[in-house]
Peer 1: 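Submitted below is the structure of interest, expressed as structure tokens.
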Amino acid sequence: MLEWDALEDFCNTCRRCRLNENRNKVVFGKGSKTASLMFVGEGPGRDEDAAGIPFVGKAGQLLDRILEAAGIDENDVYIGNIVKCRPPGNRIPAPDEARACLPYLRNQVYLIKPKIIVCLGATAAKYIIDDGIRITRDRGQWHQRKGYWLMATYHPAALLRDEAKKRPAWEDFKSIAAKLKGLKVG
Ligand code: URA
Ligand code: URA
């Protein structure tokens, strides 16, 4: 495993998959390197590719508002993605692209050692929790693995497309806030 600076340098020059060909910026991750809570999304969109920072567009702004409403301290959060370069047209990352990039995310998890990892949407859930996971059916459930608590919930972009998903997502974020609090007290 690499330390932060070496890992970031490595990612910034990565050509392990075809996504490097069209990227403007590698989107490494943002937030606290000692966070208790880590979120994993799918991959950078247009705004993120331009900024080099994850979740800065509309979905990210919604995520910020949800975290604030749930009383989750943004200083205790780290946010990354399954792939660090934007898939053209925001398509879902191909399996070989995800597999090429996942070691970097694992290295980040190893350095951060969060207590909780929340997968935002089906792509993150598939690669981090279980290949057969279905967000609509399995969201909000806690899984314990290798000392981490894992949960999948809706991607904030899905909440923007479908109002009906907001209430269940809100239940999930309350559950995340409660778990975080419980782990800190316990
Ligand atoms: N959607 C994602 O999955 N990740 C981002 O960084 C932005 C939007
Ligand atoms: N805050 C709420 O009250 N509800 C949501 O769905 C999201 C944030």
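Whatever order the structure lists them in is the order used to number ligands and atoms, beginning at 1.
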Peer 1: Validate the cation-pi geometry between Lys33 and Trp4: distance from NZ or CZ to the six-membered ring centre under 6.0 Å, angle to the ring axis within 45°.
Peer 2: yes

Peer 1: Scan for side-chain hydrogen bond (donor to acceptor under 3.5 Å, both in side chains) pairs involving residues 78-90, sequence neighbours excluded, and state none if there are none.
Peer 2: Tyr78-Gln108, Lys84-Gln108, Arg86-Asn90

Peer 1: Can you see whether Tyr110 has Lys113 sitting over its ring - NZ or CZ less than 6.0 Å from the centre and within 45° of the normal?
Peer 2: yes

Peer 1: Tell me the residues surrounding ligand 1, counting only those with a heavy atom closer than 4.0 angstrom, sorted by chain and number.
Peer 2: Gly41, Glu42, Gly43, Glu48, Pro54, Phe55, Asn81, His155

Peer 1: For Lys174, check side-chain contact (heavy atoms from CB on, under 4.5 Å) against everything at least two apart and list the hits.
Peer 2: Trp170, Glu171

Peer 1: Do Phe55 and His155 have ring centroids that are under 6.0 Å from one another?
Peer 2: yes

Peer 1: Please enumerate all residues that pass salt bridge (charged side-chain N to carboxylate O under 4.0 Å, His left out) together with Arg18, with sequence neighbours excluded.
Peer 2: Asp96, Glu97

